[in-house]
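Below is one structure, written out as structure tokens; the observations come after it.
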Protein chains: 2
Amino acid sequence: MAATIRDIKNMTGLSLATISKYLNGGNLLPENREKIEEAIRMLHYEVNEMARGLVTSQSKTIGVVVFDISNVFTGTVLQYLGEYLREEGYAAMICDSQNDPVLEEQNVRFLLGKKVDGMIVMPVAQDPGFLEPVLRNHIPVVLMDRPLKDSRLDCVKVNNREAAYDAVKLLADHGHRRIALISSDTVITGQERLEGCLQLLKDRKIRIPRSYMKVGDHSIGHGYRSMQELLKLKERPTAVFLGNFEIILGAVMALNESPYQCPEDLSLIGFDDLIISNLSKPKLVLVVQPLRKMAEEAVRLLLKRIDQNRNGTDKEDGQYEHEILVLPAKIAEGKSIARCG
Amino acid sequence: MAATIRDIKNMTGLSLATISKYLNGGNLLPENREKIEEAIRMLHYEVNEMARGLVTSQSKTIGVVVFDISNVFTGTVLQYLGEYLREEGYAAMICDSQNDPVLEEQNVRFLLGKKVDGMIVMPVAQDPGFLEPVLRNHIPVVLMDRPLKDSRLDCVKVNNREAAYDAVKLLADHGHRRIALISSDTVITGQERLEGCLQLLKDRKIRIPRSYMKVGDHSIGHGYRSMQELLKLKERPTAVFLGNFEIILGAVMALNESPYQCPEDLSLIGFDDLIISNLSKPKLVLVVQPLRKMAEEAVRLLLKRIDQNRNGTDKEDGQYEHEILVLPAKIAEGKSIARCG
DNA sequence: TTTCATGGGTGAAACGTTTCGCTCTATGTA
DNA sequence: TACATAGAGCGAAACGTTTCACCCATGAAA
């Protein structure tokens, strides 16, 4: 049904090779160039990327696998990734793993079948096994946000530990000692942030009761329930660290439903930059991640690897030096922290 | 580098046709089936979808074009779409138009080149021209959220006009007569909602001053500035209708920065279901869209069209009856509306 | 015994490009 | 004048599948 290069050949009398040359930006007589353009217009010709991909065995497409597409963090990163990839002439093929490792593995295989030139992955699984097929095929991968323990994997992430440390420090510097933590340990970023928090508490010799440590998954539900529990305690905390966006959401909901006010009754600091948080009253103090920069670096790194692969710089054993890029998160001001004592 | 069907042939001694039959679920002697499976395991064989697509001229891939991927509305819809498509054995190829009609047109052409079997589009452009190439190639398209004036286009949307009507009615029923509207008219959904609002005001014979009508684009900025202006008026409104998610965001930010309280000083009702809105205090009364249902219907409709195409039910002139599916949005309770007077 | 259907298998053509190695012409140089 | 050189164009092979038409046993029905 759709026009092919062969139709153009018939219409112009030129050979397939010449037309292909035109399509890929080669030199032609102006006269022939004209003819081809005319034919393309007449026939509404569009290159069949499947055929092209079959012979070039590259698709100018990057696979992007995300743990949860419905989440604002992901959406924003996807936007930036798309922007930078497009600038470089690549398109993104996005797959959502819905926080399910099984789906994640399927996504990776699917993209492999689609012959993507590289992948950017924000993983669900903690184990790098699901990337084995990708590595075996020498398809470059860059992880984002969440590193995996495999020496062959590049990663772009944020200094979670240090940023969380600074966040809790800010609470301590405001005189708080009854500090509670609502965070997750199901995901590496959560673990790192937790470590940062605990390190500061240790450094400042701040002891907190077990009941102040609310460690679970990074869900709205966990944030909501944890905050409810904290507010019911006889010795309520005076400040709370909220480990990620979903937790913030849940916790603020619970707080809003309670009679307590922020920051009069409770100071808050949260982790994750999302414009949405402006909705809360008062405006939250937030640890913000440089999402745009992260996307930019991920694309840059991936394209570098693809280039290295093509030029055979790829070491025989596939073991080039992997890069772990750690970008700094910063604390953005707000009004959710009150001086204590 | 990667293994092909030919390697399997060499390893098993079977013919290409037989192996292909296996891959596509045909009948084989158990013995041969065994052999092939063994070979696939040994060689880490994966089907090359480009080659397959080239000959079948279908990709089992659906192109999804969205106006803005960073937005929660979009993210949620994408999640549901992905879920339903996957269930039916299709994958999604997602393109972000970043609210730019030029990018949108490029996206459509790109997906066409990728030979997607169909498209789901949440359009930026008001003019259906950019879909011409798709229609010409007889690729089915289903629009979501925003219909376009073209009799060949199916669409799944929400009853914006009626829902907005009911929303303002709720304000009126609480005794409000000084009702302001912050909405957009740059997008069809905004226009419909605005019409609904105005219709109710007319039916109830409520006259509002020009300064209560804040019509602009659907951006955080417009919501923010409009709310600031409303709060500065000598005769402040007692209730405000907020036309979409971004406007809610901006307006609530402005209100939070002001000395005024919701709902004591100002009642609010907003349009768009997003869990995020729970963050606001008090909880907003919202018009919620049945996003999951919309995604489900869009997929169902698209797959029906694809099927019709294959079975040649596609009328010669490409003019089958198009469907506009209008789903009901509902009002969800909250505490942001006070009785007035 | 003949006929016929059936199930498992095969070889080769097709899909729509790119690319390799070649030819031809025109131009500039020795 | 002879000769190299470069530019433009060409034919054919390749990419990795699916699918069409056909073949050969086997076994049941006539």
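In the text below, chain A, chain B and the rest are named by the order of the sequence lines, each starting its count at 1.
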**Separation of D/dT18 C1' from B/Tyr22 OH (nearest whole Å)** = 17 Å
**Request:** Whole angstrom is fine here: how far is it from NZ in A/Lys35 over to P in D/dA8?
**Result:** 15 Å
**Asked** side-chain hydrogen bond (donor to acceptor under 3.5 Å, both in side chains): which pairs involve residues 4-19 of chain A, sequence neighbours left out?
**Response** A/Ser15-A/Thr18
**Asked** Pairs in or reaching into residues 40-54 of chain A: which pass side-chain hydrogen bond (donor to acceptor under 3.5 Å, both in side chains), with residues at least two apart or in two chains?
**Response**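 Every pair satisfying side-chain hydrogen bond (donor to acceptor under 3.5 Å, both in side chains) with a residue in residues 40-54 of chain A: A/Glu38-A/Arg41, A/His44-B/Arg136, A/Glu46-B/Arg109.
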**Message:** Going by side chain to side chain contact (heavy atoms under 4.5 Å, CB included), name the residues that satisfy it together with A/Asp127, two or more places apart in sequence or in a different chain.
**Reply:** none
**Asked** Which parts of nucleotides 11-22 of chain C does protein reach within less than 4.0 Å, heavy atoms only, written one letter per nucleotide 5' to 3' as B for base, S for sugar-phosphate only and - for none?
**Response** B---BBBBB---
Pairs under 3.5 angstrom only: tabulate donor-acceptor contacts from the side chains of residues 91-98 of chain A to other protein residues two or more places apart or in another chain.
{"residue": "A/Asp96", "atom": "OD1", "partner": "A/Ile69", "partner atom": "N", "Å": "3.1"}
{"residue": "A/Asp96", "atom": "OD1", "partner": "A/Gln98", "partner atom": "N", "Å": "3.0"}
{"residue": "A/Ser97", "atom": "OG", "partner": "A/Val66", "partner atom": "O", "Å": "3.3"}
{"residue": "A/Ser97", "atom": "OG", "partner": "A/Asn107", "partner atom": "ND2", "Å": "3.3"}

Table please: side-chain donor-acceptor pairs of residues 294-301 of chain B below 3.5 Å, with sequence neighbours left out.
{"residue": "B/Glu297", "atom": "OE1", "partner": "B/Arg300", "partner atom": "NE", "Å": "2.8"}
{"residue": "B/Glu297", "atom": "OE1", "partner": "B/Arg300", "partner atom": "NH2", "Å": "2.9"}
{"residue": "B/Glu297", "atom": "OE2", "partner": "B/Lys293", "partner atom": "NZ", "Å": "3.4"}

**For B/Lys157, all residues meeting salt bridge (Lys or Arg N to Asp or Glu O under 4.0 Å), sequence neighbours excluded** = B/Glu192
**Check: A/Ile62 main-chain N/O paired with A/Asp117 side-chain donor or acceptor under 3.5 Å** =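 Between the backbone of A/Ile62 and the side chain of A/Asp117 there is no qualifying donor-acceptor contact (under 3.5 Å).
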Could you go through residues 21-29 of chain B and list every donor-acceptor pair under 3.5 Å that involves a side-chain atom there, pairing it with any protein atom two or more places apart or in another chain?
{"residue": "B/Tyr22", "atom": "OH", "partner": "B/Glu37", "partner atom": "OE2", "Å": "3.0"}
{"residue": "B/Asn24", "atom": "ND2", "partner": "B/Ser20", "partner atom": "O", "Å": "2.8"}
{"residue": "B/Asn24", "atom": "ND2", "partner": "B/Ser20", "partner atom": "OG", "Å": "3.4"}

Polar atom pairs (N or O), protein with nucleotides 26-28 of chain D, under 3.5 Å:
none

**Request:** Indicate whether OP1 or OP2 belonging to D/dG7 is found under 4.0 Å from a side-chain N or O atom of A/Asn27.
**Result:** no
